[in-house]
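First up is the structure itself, then whatever we jot down about it.
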Amino acid sequence: MLHFFHKLASPKHFYRISGNWIPWLGLACFGFTLAGLYEGLLVAPTDYQQGDSYRIMFIHVPAAWMSLFIYMVMAGAGVIGLVWRIKLAEIMAISSAHIGASFTFLALITGSIWGKPMWGAWWVWDARLTSELILLFLYLGVIALYNAVEDSRTAARATSILALVGVVNIPIIHFSVEWWNTLHQGPTVTKFGAPSIDIHMLIPLLLMAVAFKLFYVMVLLMRARVEVLQRERNTGWVQELVSDYE
Amino acid sequence: MKPATLPQAFAILLRRDLTLAYRRRSEIINPLLFFVLVTAMFPLGVGADPALLRDIGPGIIWVAALLAALLSLETVFRSDFDDGSLEQLLLSPHPLSVLMIAKVLAHWLVTGLPLLIVAPLLSILLHLSDDAMHTLLITLALGTPVLSLVGAIGVALTVGLRKGGTILSILVMPLYVPVLIFAASAVANSDAGLPVNAHLSLLAALLVLATSLSPAATAASLRISMS
Amino acid sequence: MNHTYTAATLEARDIACIRDDRTLFDKLSFTLEAGQAVLVEGRNGSGKTSLLRILCGIRQPDEGTIHWNGGDIYRLATGYNAATAWVGHKDGIKLELSAEENLVFARSLGTPSGLEISDALEAMELGGFDDVIAINLSAGQKRRLALARLLVTRSPLWILDEPFTSLDTHGISLIENMINIHLADGGMLAVTSHHPVGLDSADITRINLSE
């Protein structure tokens with residue numbers, strides 16, 4: 001098992017093995033998405049308060065979960081890269097940043113669309129949306145820093161530290177925003193009674209969450225493969241690979 | 001002979017940075033003027049209604065303090081990086097994180113502390129009550145060191161970059177959110193005659209947390225960006 | 001400076017440096033003992049400065065390890081820093097501080113040699129400049145002030161990047177003399193220079209990074 005991971009951590013083997021995984025991940029992701037959409041759009045009952053507009057939740061909530069989840073993965077991979085200096089972990093960390101930022105953006109957009117019929121405005125300073133917005137800023141900081149540092153390894157190490165600082169701060173930011181929100185008595189309509197959620201609403205939610213996770217892993221592998229090729233462009237195995245295509 | 005002791009090195013570094021700040025006095029004055037000017041712009045922008053100013057005053061003063069801190073942040077390491085002193089700090093036999101505390105302390109003394117001195121003036125301009133002014137000073141005393149400590153990590157990460165300035169604000173500003181929220185709402189509460197103990201305790205907790213974690217993170221960041 | 005340094009060894013094992021995805025050098029190994037010097041040569045951009053920065057621990061080698069008396073310098077960390085003195089491209093002096101203030105600070109960041117600051121300035125022919133603000137010194141004088149750090153602290157391993165930059169012939173022979181005393185004392189030296197370094201002892205390892 002350890003041997004397997006050790007082998008996987010070498011960029012060359014990672015490139016070869018991950019290439020085989022991507023189609024399967026894509027297939028599984030497609031299946032779960034289809035099932036989730038079917039359950040969410042056709043099977044799940046209409047909400048007595050919000051009508052059908054709540055169905056955007058099946059995109060919004062998993063996207064919001066992913067935004068936080070990916071940040072944790074990014075910081076975790078960053079720590080592994082910092083401590084053990086594993087190139088692949090650095091690559092995973094920085095490849096996650098763009099995907100995480102995209103999911104955060106998706107959560108914000110869907111949150112705002114969802115809010116329009118309920119609040120009558122595209123944007124309301126609701127605690128969750130505000131936290132999500134700040135999370136997007138944190139992602140953008142990571143990406144900006146990575147792009148600004150020329151040497152790719154230094155850049156990866158610097159962004160790992162930043163991600164780690166972000167992880168320490170996220171709970172504090174979250175708490176402070178909640179606090180601020182209750183203080184200013186903002187709208188609290190998004191608060192779902194978690195225990196009372198209908199089982200037919202929960203199933204599509206979980207299906208979509210799995211689909212999003214699969215999508216993340218797939219795109220992560222794709223991005224990481226490109227990054228691996230770019231970084232290892234001067235090594236023998238990449239040269240060979242390229243000459244095979246010519 | 002033994003290496004100079006750590007307290008000696010700490011004291012000499014602190015004194016050196018304060019001497020340098022004194023010899024480049026404009027570095028202290030500029031962020032301070034900025035703080036006052038930004039605050040004075042708001043009544044011109046939103047109107048001089050005392051009730052309105054009193055309402056938004058705490059937020060304005062704290063956002064201005066945040067911007068002033070950001071503006072002065074780069075000076076923590078910029079000149080040390082440019083002239084090569086930073087390499088010497090990095091290669092000293094003393095723990096780098098302790099030296100970082102000296103650097104940040106010196107920086108706060110010359111850029112954070114002066115904000116406290118002009119803050120009463122600003123609270124008069126924005127019609128804050130005496131209680132609110134009192135709370136404002138406490139929040140500045142607790143909050144601005146956090147801004148310096150957290151900001152130092154950002155500066156350490158961007159010190160080698162040619163366009164470090166704009167990136168620095170993007171990195172650091174989201175991390176300033178909790179300080180802004182707790183501090184500004186404390187001042188607003190006290191203006192409304194509400195208790196502020198919880199806010200102040202939270203600010204103090206942030207200060208303790210930042211003091212214990214940020215020097216090590218700053219040191220690690222410096223090592224990475226200098227390599 | 002009567003005492004000799006205790007014997008020490010610096011050993012580079014198969015180190016490599018990759019900068020911006022370009023390999024500057026790899027599989028580089030050498031050993032440096034008391035009284036020996038290593039002279040790093042090569043064209044511009046061949047990685048001379050990078051090698052010295054790796055040797056003093058600012059930069060980590062991309063492969064391989066460096067050992068000080070058998071211990072990895074990253075394990076020793078600040079313990080290794082106590083044994084080294086670095087003078088890089090940049091002088092590392094504060095222009096707004098006086099010569100004396102600069103050296104007081106430098107001394108606090110190392111092991112004091114016991115030499116008075118005014119004596120160190122005298123030895124660098126900067127006698128009487130104690131209270132002069134560094135911005136008023138000429139480029140050569142600034143360089144000599146930077147090198148005076150080597151005298152006020154006591155470090156067995158000197159790592160010098162182009163120490164003779166902006167020095168005139170007299171200044172160069174002054175520094176060469178200082179280096180020769182250091183090596184005779186049992187010190188060690190790693191140096192890059194465009195100018196031929198006049199060393200008494202023949203115990204010099206030459207590393208050419210362009211070959």
Side-chain angles (χ1 to χ4, degrees), chain B residues 1-28 75 77-100 102-103 106 110 156 159-160 216 219-227, chain C residues 1 3 17 19 49-50 52-62 73-74 76-98 101-115 133-135 142 146 149 152-155 157 159 161:
Chain B
M1 291 286 270
K2 287 211 171 67
T5 63
L6 186 55
Q8 270 171 354
F10 186 93
I12 289 172
L13 178 58
L14 183 63
R15 218 183 117 190
R16 179 194 85 136
D17 275 19
L18 293 178
T19 312
L20 283 170
Y22 177 71
R23 288 185 192 166
R24 315 172 180 143
R25 277 175 290 265
S26 69
E27 267 182 29
I28 314 175
T75 57
F77 295 127
R78 174 52 62 195
S79 85
D80 282 346
F81 176 78
D82 288 342
D83 64 24
S85 320
L86 204 51
E87 291 174 349
Q88 300 296 329
L89 277 180
L90 225 62
L91 295 178
S92 89
H94 309 295
L96 188 58
S97 49
V98 179
L99 297 182
M100 290 302 109
K103 296 271 329 164
V110 297
V159 70
S221 307
L222 263 192
R223 287 195 193 281
I224 287 168
S225 43
M226 295 295 287
S227 70
Chain C
M1 299 218 298
H3 359 245
C17 176
R19 186 124 219 175
T49 297
S50 295
L52 290 193
R53 289 168 71 87
I54 287 172
L55 286 184
C56 60
I58 296 177
R59 194 184 159 85
Q60 267 183 276
D62 290 281
I73 62 169
Y74 288 97
L76 297 172
T78 51
Y80 177 65
N81 288 344
T84 58
W86 158 252
V87 179
H89 266 294
K90 297 171 182 171
D91 287 329
I93 56 177
K94 276 271 170 260
L95 295 182
E96 293 90 342
L97 295 182
S98 71
E101 285 166 332
N102 266 302
L103 289 184
V104 167
F105 174 62
R107 191 172 55 183
S108 78
L109 294 183
T111 311
S113 63
L115 187 71
I133 302 295
I135 203 164
K142 280 178 204 151
R149 284 205 300 265
V152 295
T153 59
R154 182 178 161 79
S155 315
L157 174 59
I159 302 171
D161 192 4

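To find a chain, count down the sequence lines: A is the first, B the second, and so on, and within it residues start at 1. We use all heavy atoms of the structure for the numbers below, so side chains are in, but hydrogens, waters and symmetry mates are not.
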(message) Is there a side-chain contact between C:Phe105 and B:Leu89 in this structure, where contact means two heavy atoms from C-beta onward sitting under 4.5 Å apart?
(response) yes

(message) Under 4.5 Å from any heavy atom of chain B, what part of C:Ile133 do you find: side chain, backbone, both or neither?
(response) side chain

(request) Identify, with sequence neighbours excluded, every residue that meets ring pair (Phe, Tyr, Trp, His ring centres under 6.0 Å) alongside C:Tyr80. (result) C:Trp68

(request) Pick one of side chain, backbone, both or neither for B:Arg24, based on which atoms fall under 4.5 Å of a heavy atom in chain C. (result) side chain

(message) On a heavy-atom basis, which atom in B:Leu91 and which in C:Gly57 lie closest, and how many Å separate them?
(response) CD2-C, 4.5 Å

(request) Tell me, please, which residues at least two apart from C:Asn102 pass side-chain hydrogen bond (donor to acceptor under 3.5 Å, both in side chains). (result) none

(message) Check whether B:Gln88 reaches the backbone of C:Trp86 with its side chain - one donor and one acceptor, N or O, closer than 3.5 Å.
(response) yes

(message) Measuring from atom CG of B:Leu20 to atom CG of C:Leu95, what distance do you get when rounded to the nearest 0.5 angstrom?
(response) 10.0 Å

(request) Would you mind checking which part of B:Arg223 comes under 4.5 Å of any heavy atom in chain C, side chain (CB onward), backbone (N, CA, C, O), both or neither? (result) backbone

(request) Counting only heavy atoms closer than 4.5 Å, note whether C:Glu96 contacts chain B via side chain, backbone, both or neither. (result) both

(message) Using heavy-atom distances under 4.5 Å, tell me whether B:Leu13 contacts chain C through its side chain, its backbone, both, or neither.
(response) both

(request) Sort B:Asp80 into side chain, backbone, both or neither according to what part of it lies under 4.5 angstrom from a heavy atom of chain C. (result) both

(message) Any side-chain to backbone donor/acceptor pair from B:Arg16 onto C:Val104? Under 3.5 Å, distance only.
(response) no

(request) May I ask you to test the B:Ser79-C:Lys94 pair for a side-chain heavy-atom distance under 4.5 Å? (result) yes

(request) With rounding to the nearest 0.5 Å, note down the distance linking CG in B:Leu90 to CG in C:Asn81. (result) 8.0 Å

(request) Give a yes or no on this: more than 12 heavy atoms of other residues, nucleotides or ligands lie within 6.0 Å of atom OH of B:Tyr22. (result) no

(request) Please look at C:Ser155 and chain B and tell me whether the side chain, the backbone, both or neither of the residue comes under 4.5 angstrom of a heavy atom of that chain. (result) neither

(message) Please check: side-chain N/O of C:Lys90 versus main-chain N/O of B:Phe81, any donor-acceptor pairing under 3.5 Å?
(response) yes

(request) To the nearest 0.5 angstrom, please state how far the CG atom of C:Leu97 sits from the CZ atom of B:Arg23. (result) 5.5 Å

(message) With a 4.5 Å cut-off on side-chain heavy atoms, are B:Ser227 and C:Gln60 touching?
(response) no

